[in-house]
Every structure is written in structure tokens, then in C-alpha cells.
Amino acid sequence: MSGVIVTNPPKADLKDVDALAGHGVATVHEAMGRTGLLGPGIRPIQQGVRVAGTAVTVLSRPGDNLMIHAAVEQCGEGDVLVVTTTSPSTDGMFGELFATALKRRGVRGLVINAGVRDTAELRGMGFPAWSAAVSAQGTVKATGGSVNVRVAIDGQVIHPGDVILADDDGVVVVPRERAREAVEASEARERKEAASRAAFLDGQLGLDRYGLREKLARLGVVYRAYDAGAGVGEGS
């Protein structure tokens with residue numbers, strides 16, 4: 001296939017990107033109306049790491065990492081490399097040598113809808129990665145593709161320059177033009193959760209704090225003492 005390498009696309013402001021890094025993927029996903037989550041198929045190869053950066057996108061043929069080489073040149077400080085393929089692939093398209101080059105350029109991590117390898121080395125050098133697979137299977141460098149174009153992973157559209165936030169819970173994308181909104185919404189959600197946390201530490205129940213007793217009643221759920229027959233089994 002032919003392709004294109006787009007240079008210098010607009011990016012989200014790094015101040016907003018870094019502010020989002022202070023919140024978890026779950027918080028940002030919820031704060032943005034439960035949008036942007038790439039899904040459970042993209043998993044971290046490490047634990048206890050959270051990164052946020054601006055997307056440099058790659059569209060490659062499966063089993064061919066030529067366009068990752070091309071993308072390295074387009075990467076810079078604060079970026080996250082995002083790779084997907086034109087059809088499903090689990091081949092190990094990315095490893096320690098790529099990570100060495102990207103880390104030198106200030107890239108914060110990798111999200112790939114395919115395979116990675118050299119995972120022990122990646123963890124050892126502190127280069128975080130989220131992938132659909134781990135595989136030692138090698139790849140070729142034979143087919144054209146594109147860099148810094150719109151791509152989709154698990155139904156989520158990612159534009160170059162969008163914010164990518166990744167942690168132990170997965171990966172979420174925030175559109176570049178909504179980065180500041182996402183920061184403000186996430187901060188508001190954190191304040192709300194802090195108030196709930198304090199209430200729970202004080203002994204309050206979620207049933208009462210969230211008005212769920214009324215919902216149970218509306219749904220027809222009733223309380224019944226065990227000795228009144230609740231333990232005999234539902235429907236008996």
C-alpha cells in the first residue's frame with residue numbers, strides 16, 4: 001500500500017497533558033462521559049506506571065515495522081507512539097532498540113495494537129508499553145504505510161496530537177481540542193470522589209450517599225429476614 005508521512009501536526013498543550021497525567025485512566029474516562037477507552041485488549045507490560053503524552057500515530061501492514069522506523073523521526077519530547085495495523089496482528093513489531101531511539105527523543109511510551117517483544121528489557125530501561133500481545137515473532141520492513149494520520153483502535157479514533165493517557169487500567173484517548181475540558185472535568189470528579197471517600201471513612205454507606213435505597217425500592221427489591229423465609233432460595 002502507499003502512504004503518507006505528515007509532519008508537524010498540531011498537538012495538545014503539554015501543560016494540559018501533564019495535568020491529565022495526575023489523574024487515572026478510569027477518572028478521565030468517567031469525567032469525559034465514559035468515552036475514549038481503547039478497551040481491555042490493550043494491556044500494560046509493566047505495573048505501577050502512568051504516562052500521558054501527545055499521539056504520534058502509525059498505520060502499518062501486519063508483521064511489517066517499516067513505518068515505525070519512519071515514525072521515530074517524527075517523534076519528540078512529550079509524545080506517545082501509537083501503532084496499529086491494517087488487519088489484526090500479534091507479531092512482535094516493537095522491541096528494545098526502538099525504545100532506545102524513542103527514549104533518546106523524549107518519547108514517553110508506546111501503545112500498539114499488535115505485539116511487542118524484549119519486554120524485560122523495556123521494563124529494565126523504564127520505557128512503558130501497552131500492547132495487544134507479547135510475541136517474539138519477528139517482522140519485515142517491506143511495505144509502505146502512514147505516519148501522523150487518523151487511526152482507530154477498538155473503535156476509538158485517534159488523531160495525531162491527541163492526548164494518550166495510559167496506566168494499569170488501560171488506555172484512554174482525549175481529543176486534542178478537549179484537553180483543557182478533560183483536565184477541568186477530571187479535577188471536578190476527583191473532588192467529588194474525595195468527598196465520597198471521606199464519607200465512607202466516616203461510616204456512611206453508598207446506599208444512602210447515592211440514594212440507592214430508593215432505586216432498589218423502585219425496582220421492587222425487598223428486604224426480608226432470614227427467619228422469615230429469605231434463606232430458602234429465590235422462587236421457592
Side-chain angles (χ1 to χ4, degrees), residues 9-57 77-82 84 107-113 126 128-132 150-219 221:
K11 298 180 179 181
D13 192 314
L14 270 183
K15 290 184 295 184
D16 294 331
V17 174
D18 291 341
L20 284 172
H23 306 285
V25 165
T27 294
V28 175
H29 166 62
E30 292 279 359
M32 293 299 290
R34 296 182 179 173
T35 61
L37 194 63
L38 267 56
I42 307 294
R43 301 301 305 152
I45 66 163
Q46 66 287 308
Q47 291 292 306
V49 176
R50 180 187 298 156
V51 300
T54 45
V56 172
T57 61
E77 190 71 38
D79 287 333
V80 169
L81 186 64
V82 178
T84 191
V107 174
R108 296 176 175 180
L110 168 78
V111 174
I112 181 168
N113 193 23
W130 286 256
S131 70
R150 181 179 61 187
V151 299
I153 296 177
D154 199 22
Q156 299 299 326
V157 176
I158 303 167
H159 295 84
D162 284 349
V163 183
I164 300 295
L165 176 66
D167 62 17
D168 289 351
D169 291 336
V171 182
V172 68
V173 56
V174 176
R176 172 178 60 87
E177 63 275 10
R178 297 187 67 189
R180 173 43 39 185
E181 174 192 349
V183 172
E184 294 170 355
S186 298
E187 290 172 348
R189 183 171 179 84
E190 290 278 14
R191 290 192 295 270
K192 181 179 178 181
E193 289 186 347
S196 293
R197 188 176 301 110
F200 295 154
L201 286 171
D202 198 41
Q204 188 175 6
L205 296 175
L207 283 172
D208 299 312
R209 183 167 184 81
Y210 302 139
L212 298 179
R213 293 190 190 279
E214 293 82 359
K215 177 171 285 189
L216 289 174
R218 288 197 306 272
L219 293 171
V221 178

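This one's a predicted model, so the numbers in the text were calculated from it and none came from an experiment.
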Might you point out which heavy atoms bring [X] and [Y] nearest each other, and give the distance in Å?
X	Y	answer
N113	A132	OD1-CB, 3.7 Å
T27	S186	CG2-O, 4.0 Å
S131	I45	OG-CG2, 4.1 Å
V49	W130	O-CZ2, 3.8 Å
A179	D16	CB-CB, 4.0 Å
T54	G161	CG2-O, 3.9 Å

### Query
Checking side-chain contact (heavy atoms from CB on, under 4.5 Å) against V174, which of T35, V28, V183 comes through?
V28
Report the distance from atom [atom1] of [X] to atom [atom2] of [Y], rounding to the nearest 0.5 Å.
X	Y	atom1	atom2	value
R189	M32	CZ	CE	13.0 Å
H23	E30	NE2	CD	14.0 Å
L20	R50	CG	CZ	10.5 Å
I153	L38	CD1	CG	5.0 Å
E77	L14	CD	CG	8.0 Å
R150	T57	CZ	OG1	11.0 Å

### Message
For S196, run the side-chain hydrogen bond (donor to acceptor under 3.5 Å, both in side chains) check against R209, R191, Q204 and tell me which one passes.
### Response
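By the side-chain hydrogen bond (donor to acceptor under 3.5 Å, both in side chains) criterion, S196 pairs with just one of R209, R191, Q204: R209.
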### Message
Within the 4.5 Å heavy-atom criterion, are I42 and Q156 side-chain neighbours or not?
### Response
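Not touching, per the 4.5 Å side-chain cut-off.
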### Non-hydrogen side-chain atoms of L207 and L216 separated by less than 4.5 Å
yes
Side-chain donor/acceptor pairs under 3.5 Å, residues 163-173, sequence neighbours excluded:
{"unit_1": "D167", "atom_1": "OD1", "unit_2": "D169", "atom_2": "N", "d": "2.8"}
{"unit_1": "D167", "atom_1": "OD2", "unit_2": "V25", "atom_2": "N", "d": "2.9"}
{"unit_1": "D168", "atom_1": "OD1", "unit_2": "G48", "atom_2": "N", "d": "2.9"}
{"unit_1": "D168", "atom_1": "OD2", "unit_2": "G48", "atom_2": "N", "d": "3.0"}

